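The figures that follow rest on heavy atoms only: side chains count, while hydrogens, waters and symmetry mates do not. Because the structure is a prediction, the values reported are computed rather than measured. Both ligands and their constituent atoms are indexed starting at 1 by order of listing.
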Amino acid sequence: MRTPDAAGAPPGEPLYLTTPLFYVNAEPHLGHFYVTLVGDVLARFWRARGRRVFTLTGTDEHGDKIAQAAAAAGVPPQAHADRVSALFRSTWEEAGLRYDHFIRTTDAYHVRFVQRILTQVHAQGDIYFGSYRGLYCYGCERFYQERELVDGVCPDHRVAPTEIAEENYFFRMGAYQARLRETLEARPDLIVPDGYRREVLALLREPIGDLCISRPKNRLAWGIEVPFDDRYVTYVWFDALLNYVSALEHRGLPELWPAAQHLIGKDILKAHAIFWPTMLMAAGLPLYRRLCVHGHWQMQTGKMSKSLGNVVRPLAMKARYGMDAFRYYLLRDMAFGQDAEFSEAALVTRLNADLANGLGNLASRVLAMQQRYFAGALQPRAPEPADEALAAAFALARREVEAHIAELAFHRALEALWRALDQANKYVVETAPFTLAKDPARRPRVGAILHELCEALRVTSQLLEPFMPETAARIVTLLGLPAARLGELDLAWGKAFPAGHHTAAPEPLFPRVDAVPE
Ligand code: MSP
C-alpha cells in the first residue's frame with residue numbers, strides 16, 4: 001500500500017468521508033452536528049486543494065431502539081423514521097452542512113445489499129445457527145460481556161443490561177480476530193488518534209467471540225429480514241455498517257471503496273474497529289482507509305439527555321449566535337479525539353474575544369479607514385520590513401493550518417490563524433495609520449498599510465472558509481473581490497487586487513453578545 005499523504009490517503013486517491021448514521025430515536029443535537037461538521041470542514045478544505053471528495057451521511061432506522069421510540073410516539077416505525085430522517089435533512093440544510101449522499105437504512109437498495117451480503121457470508125459458512133444467552137444493552141444495541149460492565153451496568157447508559165436467551169444466527173467474527181490484530185499492528189494510521197487504536201488492540205488481546213447478527217421476529221419485527229430464515233430480522237449494526245458500501249454501489253461509485261475515512265464518536269469504536277473490519281474480511285472486501293475517532297461533548301450538568309433538559313440543538317444555537325460562531329466554538333474548543341465540555345458561556349467568550357474583537361474589529365477598522373481616507377479606493381503597496389513580517393505571519397499561518405488539518409487538529413489550525421490575526425491587530429497599532437493620516441505627506445504610507453491589511457483579510461478568508469464559510473464569503477465580498485478569489489489559494493500576496501480596486505463600506509461581522517440567555 002502506498003503511504004498516505006496529508007489527507008490520510010495515498011496521493012491522488014479521492015477522499016470518501018462518512019459520518020455515522022444517526023438513530024432516528026432522537027432529533028438532531030450537538031453530538032450529531034459535531035461529527036457532520038467535521039466532515040463538512042474536511043470536505044471543503046480538501047476540495048479547495050483540488051482533491052476529489054465524496055461525503056456520506058444518513059439515518060439508522062431499524063432495531064429495538066427505533067421500534068420502542070415509535071411505539072412511545074404511537075406511530076408505526078416507518079412513519080416515525082420518515083419524520084425524523086426528514087428532520088435530519090432539513091436541519092443540515094438550514095445549518096449549511098453539505099453532503100453528497102444521504103442514505104436511509106430503510107432504502108430498498110440498502111435492504112437488498114444487506115440481504116446479498118448475508119446470503120454470501122452464510123453460503124461460505126461464516127454464519128451459523130446457535131443458541132445464546134447474554135446481557136443486552138438496548139441503548140447500545142449490543143450484547144455486553146460481564147467484564148465490560150462497570151458495577152454491573154453499561155458504562156455508557158448506566159443501566160443494567162437485560163438478560164436474553166434465544167436461538168439466533170451468529171457471524172464467525174472470532175475467525176478473523178488474528179488477521180484483524182495483524183492488520184492493526186501493521187497499519188499504525190488505521191485508527192486515529194492512536195490511543196483508540198491501542199484501545200482496540202487491548203480488546204483484541206482477549207477472544208472477541210462471534211457476533212449475534214439476528215433477532216427473532218417474535219421479539220423484534222422492525223428490521224431487514226434474514227434472507228435464509230424469515231423468522232428473523234438482521235441485527236441493526238450488521239445492517240447499518242454496510243451502508244458505507246451500499247451507498248457507493250447505489251450511486252455507481254464502487255471505485256471509492258476502500259477510500260473511506262469514517263468519522264465516528266468514541267462510543268461506537270468497537271462496532272467500527274471490530275465488527276466492521278471483520279465483516280469486510282468475510283465479505284471479501286478490503287479494509288477502509290482510516291477510522292477517525294472523536295471524543296464527546298460533556299455538559300456541565302453531566303451527559304446530554306432529554307430527561308436532564310440539557311440537549312443542545314444546532315438550530316437554536318444558530319438563532320442565538322449565528323451558525324459560524326457556533327461552528328467556530330465547536331472546532332476551537334474541542335481537541336479532536338478528546339472530550340470537551342460544552343458551555344454557552346465559553347461560546348460567548350470566544351464569540352466576543354476571538355470573533356467580535358479579534359477578527360471583526362480588524363475587518364471593520366481596515367474597511368472604515370479605507371472609506372474615510374480613500375473613499376474605498378485601494379492604494380499601491382510600498383513594502384517595508386513591518387509589511388513583510390505581516391505577509392510572513394500569514395504565510396506561516398497557512399502552513400500551520402494545513403499541517404494541523406492533516407492531523408485533524410482543528411483547534412490548533414484555528415489557533416494558528418488567530419496568531420496571525422493578533423499580529424495583524426498589533427501591526428495596526430504599531431504602524432498607526434490613523435495617526436499618520438493626519439499628515440497629508442504620509443497619506444501614501446497609510447494607503448500602503450491598508451493594502452497590506454486587505455491582503456491579510458483576504459488570506460484570512462481563504463484559510464477560514466472550511467471552518468466559517470459564511471464569514472469567509474462576507475469578508476471577500478466586503479473586500480470587493482469576486483467569490484472566486486476565495487478559491488485561489490496560490491495567489492501571491494500583493495497580487496489579489498487589480499489597479500483601481502475599491503473595497504466596500506464596513507459592516508459588523510459579529511455583533512457582541514452581552515449575556516448568556518437563561
Ligand atoms: N446509529 C449508530 C451509528 C451507526 S453507524 C453505521 C449511532 N447513532 S447515534 O445517533 O446514537 O450517534 C451518532 C453519533 O453521534 C456517534 O458518533 C456519537 O458518538 C455521536 N454523539 C452522540 N452524542 C455525542 C456527544 N455528546 N458528543 C459528541 N458526539 C456524540 O451510534
Side-chain angles (χ1 to χ4, degrees), residues 17-39 56-66 68-69 81 84-85 87-88 91-92 97 102-107 110 113-114 117 137-142 154-157 196 223-224 234-247 260-277 279-280 288 291-306 308 310-314 317 329-331 333-343 410:
L17 298 167
T18 70
T19 74
L21 296 196
F22 306 116
Y23 283 130
V24 290
N25 64 340
E27 300 190 353
H29 62 56
L30 168 64
H32 309 130
F33 180 84
Y34 176 73
V35 69
T36 314
L37 169 64
V38 167
L56 176 71
T57 192
T59 41
D60 190 350
E61 306 186 3
H62 292 126
D64 284 300
K65 244 181 178 7
I66 313 306
Q68 284 168 16
V84 182
S85 181
L87 189 61
F88 270 96
T91 304
W92 293 169
L97 293 180
F102 191 101
I103 184 171
R104 303 180 55 185
T105 55
T106 52
D107 285 336
H110 174 76
F113 185 87
V114 171
I117 297 289
C137 171
Y138 284 98
C140 299
E141 291 280 24
R142 75 170 176 93
C154 157
D156 268 353
H157 295 90
Y196 293 108
I224 298 181
T234 310
Y235 169 46
V236 63
W237 272 106
F238 197 94
D239 156 356
L241 286 163
L242 287 166
N243 91 86
Y244 300 132
V245 182
S246 73
Q261 299 205 27
H262 299 308
L263 307 170
I264 62 160
K266 64 178 187 179
D267 55 320
I268 52 176
L269 176 63
K270 186 174 178 183
H272 283 81
I274 297 184
F275 302 176
W276 182 221
M279 285 167 65
L280 285 166
Y288 47 75
L291 191 60
C292 308
V293 189
H294 66 79
H296 277 189
W297 286 99
Q298 311 287 356
M299 306 306 291
Q300 284 157 314
T301 36
K303 217 179 143 129
M304 203 168 48
S305 79
K306 239 179 167 173
L308 286 175
N310 61 1
V311 181
V312 178
R313 302 287 177 200
M317 293 295 113
Y329 166 71
L330 297 182
L331 295 160
D333 272 27
M334 174 176 267
F336 191 89
Q338 290 165 35
D339 287 355
E341 189 181 90
F342 182 90
S343 110
F410 307 104

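Using a 4.5 Å cut-off on side-chain heavy atoms (C-beta onward), Ile224 and Phe113 make no contact. Between Leu97 and Phe33 the shortest side-chain heavy-atom distance falls below 4.5 Å. Side-chain contact between Tyr23 and Glu141 is present, with at least one heavy-atom pair separated by less than 4.5 Å.
Residues passing the salt bridge (charged side-chain N to carboxylate O under 4.0 Å, His left out) test with Arg142 are Glu148, sequence neighbours excluded.
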- Test ring pair (Phe, Tyr, Trp, His ring centres under 6.0 Å) on Tyr244 and His272 and set out the steps. CA-CA 11 Å; Tyr244 300 132; His272 283 81; 5.7 Å; yes

Could you pull out the N/O contacts under 3.5 angstrom between ligand 1 and the surrounding protein atoms?
unit_1   : atom_1 : unit_2 : atom_2 : d
ligand 1 : 1 (N)  : Leu21  : O      : 2.7
ligand 1 : 1 (N)  : Asp60  : OD2    : 2.7
ligand 1 : 8 (N)  : Leu21  : O      : 3.4
ligand 1 : 10 (O) : Tyr23  : N      : 3.1
ligand 1 : 10 (O) : His32  : NE2    : 3.3
ligand 1 : 17 (O) : Gly265 : N      : 3.0
ligand 1 : 19 (O) : Asp267 : OD1    : 2.5
ligand 1 : 26 (N) : Trp297 : O      : 3.1
ligand 1 : 27 (N) : Trp297 : N      : 2.9

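Under the 4.0 Å criterion applied to side-chain N and carboxylate O atoms, Lys65 and Asp60 are not assigned as salt-bridge partners.
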